[in-house]
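Handing you this structure, nothing more for now.
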Amino acid sequence: MARYNPKSVEPKWQSVWADKQTFLTREDPSRPKYYVLEMFPYPSGRIHIGHVRNYAMGDVVARYKRARGFNVLHPMGWDAFGMPAENAAMQTGAHPRDWTYQNIDTMRGQLKRMGLAIDWSREFATCDPEYYVHEQRMFLEFLKLGLVERKESYVNWDPVDMTVLANEQVIDGKGWRSGAAVERRKLSQWFFKITDRADDLLSALDDLPGWPDNVRTMQKNWIGKSRGLKMSFQFDGAAPEGFDGLEVYTTRPDTLFGASFCAVAPDHPLAVQCAKGDPELQNFIKDCQSLGASEEAIEKADKKGYRLPFSVRHPFVEGETLPVFVANFILMQYGTGAIFGCPAHDQRDLDFARKYNLDVTPVVLPPDADPASFAIENEAYVGPGRLFNSDFLNGLSVEDALAAAIAKVEEMEAGSATTNYRLRDWGVSRQRYWGCPIPVIHCEACGLVPVPEKDLPVVLPDEADFSEPGNPLERHPTWKHVTCPSCGGPALRETDTFDTFVDSSWYFARFAAPTPEQSCDQAAADYWLPVDQYIGGIEHAILHLLYARYFTRNMKDAGYLSVEEPFTNLFTQGMVTHATYKGEDGAWLFPEEVDVKDGVARHIETGAPVAIGSIEKMSKSKKNVVSPEDIAEAYGADAARWFMLSDSPPERDVEWTDSGVEGAWRMMNRIWALAGAAGAVIPDMLPAEGYSDAGLALRRASHGAIAGITDDIEHFRFNKAIARLYEFVNAIKTAELTDSAADAAARGEALSALVRLIAPYAPHLAEECWTALGGAGLVCDAPWPEADAALLVQDEIVLGVQVNGKRRGEIAVPKEADAQAVEAIAMADAGVQRHIEGKTVRKVIVVPGRIVNIVVG
RNA sequence: GCGGAUGUGGCGGAAUUGGUAGACGCGCUGGAUUUAGGUUCCAGUGCCGCAAGGCGUGAGAGUUCGAGUCUCUCCAUCCGCACCA
């Protein structure tokens with residue numbers, strides 16, 4: 001019996017699958033479809049172990065559903081545009097295209113060695129012109145439909161990458177890729193009008209039961225819907241030129257009687273206008289803008305204001321006026337960029353009021369508080385209560401007062417109830433070379449002219465200069481100079497390219513079309529979409545997933561798709577982590593450079609002590625990475641896949657350990673020793689009787705394993721499924737079978753089931769064993785084993801017996817024993833007897849099939 | 001600050017509707033096989049205790065015949081958002 005050798009076995013089966021086109025998928029209306037998709041990789045250079053985990057999960061689902069008779073679509077592609085290719089060009093001189101396609105070649109080879117059940121015929125990269133031509137066409141249709149617009153706006157400018165970033169790409173005031181402090185610039189940009197769909201994107205979250213709650217909550221918060229009142233305060237005396245009144249947004253109009261000031265954002269038009277003749281205000285505004293938006297800056301920043309030479313009239317109180325400030329804590333992007341301040345019931349307003357000695361009038365009285373003595377010190381009261389000090393609102397609850405105040409303001413025609421969103425429109429213009437060109441032309445005479453259909457795709461120029469930062473398309477000598485398709489005069493091509501999130505917002509639809517010529521074949525898209533199971537990292541909870549949901553709606557409006565929601569079920573898997581190691585000189589060390597024994601680490605070459613650091617997400621910079629290739633070389637792809645799914649629940653992080661993968665490797669060998677050596681034992685038919693007790697027990701174990709593992713896979717409990725597989729293997733190994741034909745059949749049944757159950761995890765080993773057992777065809781084409789319900793019930797049940805809630809014994813009772821019989825057996829148990837001796841039995845609780853509890857006093 | 005999650009042996013983690021806590025794996029201990037082994041196999045392994053027994057699911061209370069699971073109050077860690085009016 002030869003030792004299992006994945007090095008020869010794995011390539012063999014991979015080429016069998018390839019030759020037979022086993023995983024080639026076509027539409028087949030006669031079968032139910034199942035579309036399983038893992039977030040496609042960015043071709044950064046090499047596959048890492050996190051990819052292995054991600055794709056192993058998808059592969060388990062794909063192979064399982066396939067065995068259950070589904071027509072499974074499981075494709076793979078490349079999210080291939082983006083900054084790293086351009087950075088590589090700047091650093092090494094390699095062309096982004098060459099760099100990208102070389103990486104794709106490398107990574108495709110690595111993925112294929114993992115033995116994934118993927119239809120490679122559908123592969124594409126988003127940088128293929130055959131892919132992005134559709135993106136350009138869709139963009140022009142969206143433009144026609146009014147779903148996109150060009151507008152001038154403040155943008156987040158990354159001074160290192162020299163490009164614009166979406167709000168979502170700014171983290172703590174820094175660019176998500178470069179880490180540079182983001183600046184604000186006013187530019188003319190293309191925007192997808194995602195805010196038009198804010199309400200739909202929000203409410204439809206409730207109809208996504210297959211999504212994790214945390215992702216839905218994050219999207220909900222990101223969209224940030226609030227109901228409030230937009231209202232206008234009239235200026236007291238002469239209004240500043242061009243201003244009718246000061247329009248503010250508030251969610252607390254119930255506290256209007258506590259208002260003691262108004263404030264506008266530093267970049268509010270009123271502030272900007274006033275600053276024209278006021279150098280001091282100019283400086284103040286400049287200060288505010290240089291403050292930055294980082295977490296620390298916000299927390300430490302004092303509330304600061306600048307008093308404008310105007311006051312506004314209180315809408316409800318005749319003769320009362322409120323001072324108007326420019327204040328650093330007001331955001332122009334939210335609401336109207338102006339507020340009224342009620343210090344008693346808003347902490348920010350209170351901080352501000354204390355600093356500038358403004359009135360603090362409480363108007364909401366907490367339950368049980370005394371109106372005569374209730375006062376605000378340094379903490380604003382934001383809880384529930386009854387209104388007081390508030391004229392016509394007095395005595396109302398906060399909720400009723402809100403409605404009453406809104407009604408009053410609307411009746412006065414001073415404002416109206418509105419809804420506000422935190423979500424901003426999606427700016428998609430990027431000043432980069434390695435992206436999808438935006439297909440429009442700027443003509444002095446005709447204005448904005450879409451590139452005509454016949455001229456699509458607008459392809460990137462081959463030659464480009466990457467020697468300096470900025471946009472190589474902009475400084476290309478010829479590319480942008482074109483003739484206007486409308487008037488024939490000289491015109492300029494748009495040199496911005498799309499944010500790469502546009503590319504990944506519809507790729508799942510492109511996979512559904514069988515040929516690259518089609519963006520989405522309507523029939524194929526209707527057959528395959530939505531994606532039944534989407535799997536990827538939690539880091540895309542907002543960005544990618546929100547954009548994809550939005551884009552799908554646009555595509556539906558443009559007639560490409562019939563669905564609105566692209567992903568029915570979403571699973572967010574955890575990361576792969578590893579301990580970090582630091583040498584004496586403080587430099588990070590690769591795990592293979594370190595020998596760890598009994599918790600003490602030494603450098604293998606020098607023997608010098610090594611500090612073991614925290615367990616972190618694998619990253620190149622900390623060198624705590626392991627190469628999937630090395631692992632596959634040493635243990636095989638099956639063992640790597642097995643381990644990645646075995647130790648932790650898939651949504652949780654898993655720590656990569658050598659002992660863990662060694663354990664998986666041992667299991668591969670155990671299974672091979674068990675199934676590979678058994679001979680052709682798969683029975684044609686199972687005898688109805690004649691089994692020994694052990695034979696029957698083994699049959700029960702087989703069917704228990706089938707039922708349990710099936711349920712586990714359905715619920716993404718891969719770690720539990722693997723634990724059951726260990727139990728099942730142990731059961732087969734330790735079964736003391738007789739020589740009877742029936743027992744032999746029971747063993748054949750068990751082995752046949754085992755091999756089919758491990759196939760989603762360890763597909764190569766499963767094929768090898770299947771052949772050895774005399775299975776017909778390929779195991780990946782074999783149907784999933786079915787559990788026989790009759791074999792899932794035990795004749796005899798073991799019950800725990802408690803005395804006063806503490807476990808004192810264990811009894812075996814027949815399955816059909818009634819409560820009385822069970823009680824009698826329990827009372828007779830020696831361990832139980834010892835604990836009830838000399839005491840009065842007050843009550844006996846028998847829960848059939850579960851437990852017996854004897855209460856004594 | 002707001003929102004979400006998670007706390008179980010030396011470690012990763014199991015425990016349907018409240019019903020035998022610690023499945024399974026790793027590690028560790030002892031033994032056998034092997035020229036050797038970081039191979040394979042067997043046995044053991046929550047803690048204290050020779051034992052009987054006692055104690056045990058972040059802490060504390062509560063409901064219950066019975067709580068890892070339900071309720072309340074804390075504590076810790078992680079994630080997301082954050083001057084959003």
Side-chain angles (χ1 to χ4, degrees), chain A residues 3 171-172 212-222 224-226 228-229 248-253 255 263 265 291 293 295 297-299 301-303 327-331 333-342 345-349 351-352 382 420-423 538-539 541-542 597-599 642-643 646-649 651-655 657-664 666-667 669-670 673 711 717 719-730 733 798-811 834 842-856:
Chain A
R3 201 172 157 85
I171 296 152
D172 288 347
D213 287 344
N214 61 338
V215 173
R216 288 194 289 177
T217 305
M218 279 158 79
Q219 292 212 349
K220 203 175 256 180
N221 292 342
W222 190 263
K225 181 177 183 169
S226 78
L229 176 70
V248 305
Y249 174 75
T250 177
T251 56
R252 292 298 301 273
T255 64
L291 205 67
E295 194 178 328
I298 288 166
E299 244 164 44
D302 257 357
K303 301 285 176 285
N328 64 346
F329 64 98
I330 311 299
L331 304 173
Q333 315 89 25
Y334 189 78
T336 62
I339 60 140
F340 80 79
C342 174
H345 304 292
D346 182 289
Q347 192 59 45
R348 293 156 304 177
D349 296 348
D351 295 344
F352 190 80
V382 295
N420 216 336
Y421 298 94
R422 212 192 74 113
L423 183 71
I538 186 74
E539 66 271 21
I542 297 171
K597 224 172 200 172
D598 300 329
W642 185 275
F643 171 52
S646 67
D647 254 25
S648 287
E651 68 276 12
R652 236 181 271 181
D653 290 353
V654 63
E655 187 194 352
T657 59
D658 290 343
S659 55
V661 71
E662 277 162 19
R666 276 201 291 274
M667 180 63 167
N669 280 295
R670 264 196 274 170
D711 192 50
R717 296 185 295 237
N719 56 323
K720 284 180 64 182
I722 285 183
R724 283 188 212 269
L725 284 167
Y726 278 102
E727 283 180 314
F728 188 28
V729 166
N730 292 342
K733 280 176 76 165
V798 177
L799 290 182
V801 183
Q802 299 178 329
V803 177
N804 283 353
K806 288 191 191 287
R807 183 171 174 276
R808 298 299 182 190
E810 197 176 85
I811 56 169
R834 219 176 7 213
R842 300 195 183 280
K843 198 172 172 187
V844 179
I845 293 146
V846 177
V847 184
R850 295 242 185 254
I851 203 157
V852 180
N853 191 11
I854 301 164
V855 186
V856 296

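Below, chain A is the first sequence line, B the second, and so on; all start at residue 1. Computed from a prediction, not measured in an experiment: that's the story for all the values here.
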A/V847 side chain: which of B/A85, B/G19, B/G25 is closest?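 Taking heavy atoms from C-beta onward, the closest nucleotide is B/G19.
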For A/K806, report the nucleic acid contact type (base, sugar-phosphate, nothing); a contact means any heavy atom under 4.0 Å. sugar-phosphate
Side-chain N or O of A/R808 versus OP1/OP2 of B/U20: is the shortest distance under 4.0 Å?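 Checking B/U20 against A/R808, no side-chain N or O comes under 4.0 Å of OP1 or OP2.
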For atom P, what is the distance between B/C75 and B/C24, given to the nearest Å? 38 Å
Reading nucleotides 2-13 of chain B 5' to 3', which nucleotides get B (base under 4.0 Å from a protein heavy atom), which S (sugar-phosphate only), which -? -SS-------SS
At less than 4.0 Å, is any side-chain N or O atom of A/R348 found next to OP1 or OP2 of B/G1? Yes or no.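 For A/R348, the contact criterion (side-chain N or O under 4.0 Å from OP1 or OP2 of B/G1) is not met.
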Roughly how far, to the nearest 0.5 Å, is CG of A/D213 from CE of A/M218? 12.5 Å
Within the supplied structure, the quantity of interest is the number of heavy atoms (other residues, nucleotides, ligands) at a distance under 6.0 Å from A/K220 NZ; does it exceed 12? no
Please give the distance between the C1' atoms of B/C72 and B/U64 as a whole number of Å.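 One C1' to the other, the span is 16 Å.
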Less than 4.5 Å apart, side chain to side chain, heavy atoms only: is that true for A/I330 and A/F352? no
On the nucleotide B/U16, are OP1 or OP2 found under 4.0 Å from the side-chain N or O atoms that A/R717 carries? no
Counting side-chain heavy atoms from CB outward, which of B/C65, B/C26, B/C81 is closest to A/I542? B/C81
Measure the spacing between CZ of A/R216 and CG of A/N214 and express it to the nearest 0.5 Å.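 Between atom CZ of A/R216 and atom CG of A/N214 there are 10.0 Å.
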Exam field: side chain A/N853 to backbone A/I845, donor-acceptor pair closer than 3.5 Å: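 Side chain of A/N853 to backbone of A/I845, a donor-acceptor pair under 3.5 Å: no, none is there.
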Base, sugar-phosphate or nothing for A/V801? Non-hydrogen atoms, less than 4.0 Å.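 Touches nothing.
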Using a cut-off of 4.0 Å on non-hydrogen atoms, how would the nucleic acid contact of A/I722 be classed: base, sugar-phosphate, or nothing?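 Touches nothing.
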Quantified in whole Å, what is the C1' atom distance between nucleotide B/U33 and nucleotide B/U39?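 Result for the C1' pair: 10 Å, nearest Å.
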From B/A15, B/G19, B/C83, nucleotide with atom closest to A/F329 side chain: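 Closest nucleotide among those given: B/C83.
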Taking atom C1' in both B/G25 and B/A14, what distance in whole Å separates the two? 11 Å
Which nucleotide, in any strand shown, forms a Watson-Crick or G-U wobble pair with B/A61, with both distances under 3.5 Å?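 For B/A61, the partner nucleotide comes out as B/U71, under the 3.5 Å rule.
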Return the pairing partner of B/G1 with a 3.5 Å limit on both distances, Watson-Crick or G-U wobble; otherwise return none.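 Across all strands, the one nucleotide that pairs with B/G1 is B/C81.
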Using a 4.0 Å heavy-atom cut-off, does A/K733 contact any base of the nucleic acid, only the sugar-phosphate backbone, or nothing at all? sugar-phosphate
Which nucleotide, if any, forms a Watson-Crick or G-U wobble pair with B/U6, using both distances under 3.5 Å?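 Result: B/A76.
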Rounding to an integer number of angstrom, what distance separates B/G68 and B/G18 when you compare their P atoms? 13 Å
A/Q333 or A/Y726: which one's nearest nucleotide on RNA chain B is closer to the 5' end?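 Residue closer to the 5' terminus by nearest nucleotide: A/Y726.
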Taking only the P atom of each, what is the distance from B/A67 to B/A61 in whole angstrom?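 Taking atom P in both B/A67 and B/A61, they lie 14 Å apart.
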Mind checking whether A/T255 and A/D346 have side chains closer than 4.5 Å, heavy atoms only?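 When only atoms from C-beta onward are counted, A/D346 and A/T255 do not touch, as no gap falls below 4.5 Å.
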Give me the distance, rounded to whole Å, that separates B/G22 from B/U69 when you measure between the C1' atoms they each carry.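 So the two C1' atoms sit 15 Å from each other.
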Determine the interatomic distance between P on B/C48 and the same-named atom on B/G37; round to the nearest Å. 32 Å
Using a 4.5 Å cut-off on heavy atoms from C-beta on, say whether the side chain of A/R670 contacts that of A/N730.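 Yes. Closest side-chain heavy atoms under 4.5 Å.
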Only pairs with both distances under 3.5 Å count, Watson-Crick or wobble alike; so what is the partner of B/A14 in this structure?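 No nucleotide pairs with B/A14.
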Polar pair under 3.5 Å, donor/acceptor by atom type, side chain A/K303, base B/C83: yes
Side-chain contact test, heavy atoms from C-beta onward, threshold under 4.5 Å: evaluate it for A/V855 versus A/N804 and give yes or no.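 Yes, side chains in contact.
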Classify A/Y249 by what it touches in the nucleic acid, base, sugar-phosphate, or nothing, heavy-atom distance under 4.0 Å. base
Looking at every strand, decide which applies to A/D351 at a 4.0 Å heavy-atom threshold: base, sugar-phosphate, or nothing. nothing
Tell me what A/E810 touches on the nucleic acid: a base, only sugar-phosphate, or nothing, going by heavy atoms under 4.0 Å.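 The answer is base, as A/E810 lies within the cut-off (heavy atoms under 4.0 Å) of a base atom.
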Only pairs with both distances under 3.5 Å count, Watson-Crick or wobble alike; so what is the partner of B/G22 in this structure?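 B/G22 is unpaired by these criteria.
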Once you apply the 3.5 Å cut-off to both distances, tell me the Watson-Crick or G-U wobble partner of B/G44, or none. B/C28
If you check every side-chain atom of A/Q802, which of B/G66, B/C84, B/U40 has the closest atom?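 Of B/G66, B/C84, B/U40, B/G66 is nearest to the side chain of A/Q802.
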Test: A/K303 cationic atom under 6.0 Å from A/F329 six-membered ring centre, within 45° of axis: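 Yes.
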How many angstroms lie between CD1 in A/I538 and CD in A/E651, if you round to the nearest 0.5 Å? 10.5 Å
Mind checking if A/R252 touches a base, just sugar-phosphate, or nothing, with heavy atoms under 4.0 Å? sugar-phosphate
Nearest to the A/R807 side chain among B/G25, B/U20, B/A82, which nucleotide is it? B/U20
